[in-house]
Each structure stands twice: as C-alpha cells, then as structure tokens.
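So you know, we letter chains A, B, ... as the sequences are listed, proteins then strands, and number each from 1.
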Amino acid sequence: MSTKSKVASLVVSAALVATVPAWAHHSFSIFDAEQTKTFTGVVTRVNPDANHLQIFFAPMNAERKNVERNAEGKPVVWAVEMAGSAQSAKDGISVNAFPPGTIFSVSLHPLRNGDPAGARAGALYKCPEKTPPAAGKNCDTVTGSLTIGGDVPVPAATTN
Amino acid sequence: MDLPGIVQLIHDSALSEWLRSSLKAMPIVEAIHVMTAATVFGTILVVDLRLLGWPSTQRSFSRLHGELMRWTWGAFVISVITGVLLFVVNSVTYYGNTAFRLKMLALLFAGVNMFVFERVTGRDAAAWDKGPTPSSARVAGALSLTIWVSVLFIARWIGFTKGYDFSIPDNVNLDLNFGQ
C-alpha cells in the first residue's frame, strides 16, 4: 500500500469511527453534572434498554394546562435517561409504571451537546392520573403523587 | 393485526416484562447468544475457506462439511432462541432500528445463499471432494463469508444506534387542555 493510500484509508477509518453514534451505551460524562433542569411532563414513550432506560416526555407549559410546542406547533420532546431496565425496574421505574400520558416530574443533568435529553437526578414524582400540578408547580406538590426511585427530592426551583 | 401491533403485543407481554426486570436474565441470554453466534460463524468460516481452497483442497469437503455443519445448525438453533429473547425484551425499539432490520435482511441472504449451495452448487460436491473447487462453489464460499461478516458487523452496530428516538408514537394524545 502506498503512503497516499495509507493516509486515505486512515482518513476513511477515522471518519467511520467518528460517525458512529457514541451514546447508545456510554459513560455519563456526556451529561453536564453542573447543570440541573427540572421538568413536569407527559410520558410519550419508554425505551426499556438493557443498558440505559429512557423515558421520553413532552414538557408541560408553566400553566400546566398543556404541553409546550415549538414554532411549528409540534410538541417538544425531552428524554431522561437512567440505569439499565432491570436496575430501574427494581426502583419501580418500568414501561408499565410509566405508560404514555403519565404526568410526572423529574430533575436531570442535560447533555453537554445541547440535545433535549439528560441523566436522571433524584427521584421521579408521578402525579395521579390526569391530575397536573398547579401552575409553576411540580408533581411533588400534588396530593396523592408517588415518589419513585429514591428519596432525593426534585429541587424546589422550577426551571420549566 | 398489523406488524407494529404484533411488535407492541410482544413488548407488553409478561415474558418481556420479566426479562426487563431481571438483573441476571439478559446478561446470561446475551452471553449465550454471543457464544453460539461465534460457533455459527467459526464453523461456517472453516467451510467457506475450504470452498475457496484455503489452506488447501486436499481435505475431503464432504467430511469437513458433514462434521462441522451439525455444530453450525446446533449453535444456530440456540442463537435464534436467544436472539428472539433479545428482541422480545425491547421489541418496539429493535423493530424501529435500521441496523436491526439490515441484520435480519443479511440473515435472509445468508439463508438463501446456503439453500442454493445445498440444493444446486453443492450437489456435485463428490466430483471435487478432494480437489480444486469449481468457480460456482468458490463464489458460494466468498458470498457466504461476505454475508456472515456483514451479519456480525451490523449486529454490533445495533448496540450503538439505539440512541435517542424523539418521535411521538401515533397513539399518544398530547392535546390535553387541562382545566378548560
């Protein structure tokens, strides 16, 4: 192989490696632990991945009457990621426990790259069915809400 | 019921829920899947190389084929069972994953290639049992090798492309209007 083709194959290999999405099974350093965001949202889907369970949700607006929408009128969707499905199930977080439509509150450390996802920080607070919190509040303030997955509270400050 | 409906049914099954909730089940299933996949690929590799004439064509093809294929098929059956369990545990995500679909397609190609070899190309294997393989057999070997290497590469790709799928399922209603 000539030097030229060696260089070319190196460049191609590097490009291939660089394009592999690196976060299917990843370290948690991709999340910014210095930042914590708190959301109250509506579950759209749970991906019970063996490595990292993900809950996808549509954040509710400050009035807690509807979900937030982008400029095109489409609901905004965020994801909160945590331990693998088996470990999460032990904490009470599963597909069955969070069916679509569930209203819950969660704090998360967002991704450093700005994508709408983050690593779970503390417990999840599940509102009673179809019972959102009052404007500007989270599920921990709703009578009958459930605290799931630990006892670290959602920070009092509401960022969403 | 359509295919996505069946996939959702599998996802909601008791078996799926049990596998997801067990700390030990999936690591054991995955380990067995890897071991049996390695056996399938390893035995097929030896047969394919013999078809290509490496390291030589002196060894009886029918004997090699007969001895190794029983291991291939035995391991393949266990690999399929464990593979189905891996699918069951998170069927909705795998169903929507392009790498997973490509792997299933590659496995289909591998099956067709094997079927054609067993029924057509390999039927006159007695004629070249201990001699140079005809070009049709060499093509079958090269094709098989290419397809099975693809299967392994694509299979690993699945684990790295599950990322974030922000799409909202059709059956989720977000027009809430609470308190109105």
I want to check something: taking the side chain as every heavy atom from C-beta on, are B/L176 and A/K65 in contact at a cut-off of under 4.5 Å? no
Do B/F178 and A/K130 come close enough that some side-chain heavy atom pair is under 4.5 Å? yes
Spacing of [atom1] belonging to [X] relative to [atom2] belonging to [Y], to within rounding of 0.5 Å:
X      : Y      : atom1 : atom2 : answer
B/L174 : A/M60  : CG    : CE    : 10.0 Å
A/K74  : B/F166 : NZ    : CZ    : 15.5 Å
B/I168 : A/F56  : CD1   : CZ    : 11.0 Å
B/S167 : A/R45  : OG    : CZ    : 5.0 Å
A/S85  : B/M26  : OG    : CE    : 8.0 Å

Go through the atoms of A/P48 and report whether side chain, backbone, both or neither lie under 4.5 Å from a heavy atom of chain B. both
Which bit of A/A58 is near chain B, if near means a heavy-atom gap under 4.5 Å: side chain, backbone, both or neither? side chain
Are B/L102 and B/L108 connected, step by step, through hydrophobic side chains (Ile, Leu, Val, Met, Phe, Trp, Tyr) whose heavy atoms are closer than 4.5 Å? no
Just checking [X]: does its [atom1] atom have more than 12 heavy atoms from other residues, nucleotides or ligands closer to it than 6.0 angstrom?
X      : atom1 : answer
B/F76  : CZ    : no
B/W128 : CH2   : yes
B/F41  : CZ    : yes

For B/Y164, run the side chain to side chain contact (heavy atoms under 4.5 Å, CB included) check against A/L111, A/V77, A/D115 and tell me which one passes. A/L111
Side chain, backbone, both or neither: which part of [X] has an atom under 4.5 Å from a heavy atom of chain A?
X      : value
B/S21  : both
B/V92  : neither
B/N173 : neither

Could A/R69 and B/D175 be called an ion pair, given the rule that one side-chain N must be under 4.0 Å from one carboxylate O? yes
Intermediate values then yes/no, side-chain contact (heavy atoms from CB on, under 4.5 Å), B/R20 and A/S94: CA-CA 8 Å; B/R20 277 198 290 272; A/S94 64; over 6 Å; no
Between the side chains of A/N47 and B/N90, does any donor sit under 3.5 Å from an acceptor? yes
